[in-house]
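All remarks here apply to the structure that follows.
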2 protein chains.
Amino acid sequence: MALIFSRQCEYALQAVLYMSAKPQKEYTNIIEISDRLDIPMPFLGKTLQLLVQKKILSSQKGPKGGFKLSKPPDEIALYHIVEAIDGTDLFSSCVLGFPKCSSTNPCPMHEEWSVMRDRVYQMLAGKTISDISKEISSSKQLRMKLRLA
Amino acid sequence: MALIFSRQCEYALQAVLYMSAKPQKEYTNIIEISDRLDIPMPFLGKTLQLLVQKKILSSQKGPKGGFKLSKPPDEIALYHIVEAIDGTDLFSSCVLGFPKCSSTNPCPMHEEWSVMRDRVYQMLAGKTISDISKEISSSKQLRMKLRLA
DNA sequence: ATATATTCAGATGCAAAGGTCTGATAATAT
DNA sequence: ATATTATCAGACCTTTGCATCTGAATATAT
């Protein structure tokens, strides 16, 4: 089918976006997130654990536990989340799948795709959780989509 | 992992590019293609059959048989091949995976991603086999990559 | 201390994509 | 006609991504 991000990565992005719209100090538990965003809970658990390992989130067990951002939201770009879950292949490997493809040995789409890829990268690297959380708080529609109050 | 095209789609693009650099009337047999491009032969067979069903290629059994383009190369855009193999989800579904996402009910990345998606579409729709075959014949490097003479 | 809420870790199951195999069918060459 | 070359069609196997289950570990509240 070929979507741009893996499903797991979509879940991760959705979940972090959801958390970003809440007070940053609070832990958000996984039941709430999976419930609101309709993501299978155990799988979401595993996914957020990956982000904990990558130091993007931190977690706390027990009552009042859950996950929260581990750094200020303006230091977390969407790119960091994508990188943590899907890796960087999208931004480095040949779009036509030729194993040996580089600027000195380009495939027929190399140049065009480089440009495109850079734009996608710039967009993801430039957009922080903080940017998005501002957009969310100023848009009723977005709060609805994320099933926030 | 998440590459932009499925592996099968990469194979299809590679194979059509390979064929495009040969005299258009000739059938190219699948052994030659899979051999030169290092693609598993039976899988390539299935893949090219899909393109036959979509009228992008035509095929002929028996000696001197194989596959060839079914129309003039300037009427086949890369987009047609991608569409035939991977479908159009990449160009229509929400980048964050929200089921209900549209311009009237956008996700936090909707606008940016629309722009990006359109550019990718324009690139794929605007680039024809004929364009690429010209590039190939003027570049020794490309002929090498496609393992052509 | 005990009960409870929650993540953590690893094993397992399931479905789809990727890849293989076999026999049938059709076209060409002799 | 026959042998040969090649695609066609469908069944099958393998790997990987997606998802579940279970029990353990740990923090909090009482």
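Below, all heavy atoms of this structure are taken into account, side chains as well, without hydrogens, waters or symmetry copies. Letters A, B, ... are given to chains in the order of the sequence lines, protein chains preceding strands, and every chain is numbered from 1.
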Between atom CD in B:Q14 and atom C1' in C:dG18, what is the gap in whole Å?
-> 15 Å

Side-chain N,O (B:Y11) to OP1/OP2 (C:dG19) below 4.0 Å | yes

Tell me: CE of A:M41 to C1' of D:dC21, nearest whole Å?
-> 11 Å

Classify the nucleic acid contact of B:P42 as base, sugar-phosphate or nothing, counting any heavy atom under 4.0 Å across all strands shown.
-> base

Mind calculating the distance between CD1 (B:I30) and P (C:dC21) to the nearest angstrom?
-> 15 Å

When rounded to the nearest 0.5 angstrom, what distance separates CG in B:L96 from OH in A:Y11?
-> 13.0 Å

Dot-bracket encoding per residue of DNA chain C, Watson-Crick/G-U cut-off under 3.5 Å, | denoting interstrand = ||||||||||||||||||||||||||||||

Please report, rounded to the nearest Å, how far the P atom of C:dG19 is from the CD atom of B:Q8.
-> 9 Å

Is it possible for you to check whether A:K145 lies under 6.0 Å from the centre of the six-membered ring of B:F98, through NZ or CZ, and within 45° of that ring's axis?
-> yes

With a non-hydrogen cut-off below 4.0 angstrom, is B:I31 in contact with a base, only sugar-phosphate, or nothing?
-> nothing

Given atom CZ of A:F5 and atom C1' of D:dC18, what is their separation to the nearest angstrom?
-> 18 Å

Among C:dG18, D:dT7, C:dT7, find the nucleotide with the atom closest to the side chain of A:N29.
-> C:dT7

Can you tell me how far the CD1 atom of A:I30 sits from the CD atom of A:E32, to the nearest 0.5 Å?
-> 11.5 Å

Straight-line distance of A:I76 CD1 to A:K55 NZ, nearest 0.5 Å = 13.5 Å

Ignoring the backbone of A:S6, work out which of C:dC21, D:dC18, C:dT7 is nearest its side chain.
-> D:dC18

Rounded to the nearest Å, what distance is computed from the CZ atom of residue A:F43 to the C1' atom of nucleotide D:dT16?
-> 12 Å

Determine whether the aromatic ring centres of B:Y79 and B:Y121 lie less than 6.0 Å apart.
-> yes

Hey, is NZ on B:K71 packed in by over 12 heavy atoms from elsewhere, all under 6.0 Å?
-> yes

For B:E32 and D:dT5, give me the distance from atom CD to atom C1', rounded to whole Å.
-> 15 Å

For the pair A:Q141 (side chain) and B:T104 (backbone), establish whether a donor and an acceptor sit closer than 3.5 Å, ignoring hydrogens and angles.
-> yes

Going by number, which of residues 46-72 of chain A have a non-hydrogen atom under 4.0 Å from DNA chain C?
-> A:K46, A:Q49, A:S59, A:Q60, A:K61, A:G62, A:P63, A:G66, A:F67

note: B:R7, atom CZ; D:dT14, atom P; distance rounded to Å ~ 18 Å

Give, for atom OG of A:S59 and atom CG of A:N29, the distance between the pair rounded to the nearest 0.5 Å.
-> 12.5 Å

Is it the case that A:T128 and A:D131 place a side-chain donor and acceptor less than 3.5 Å from each other?
-> yes

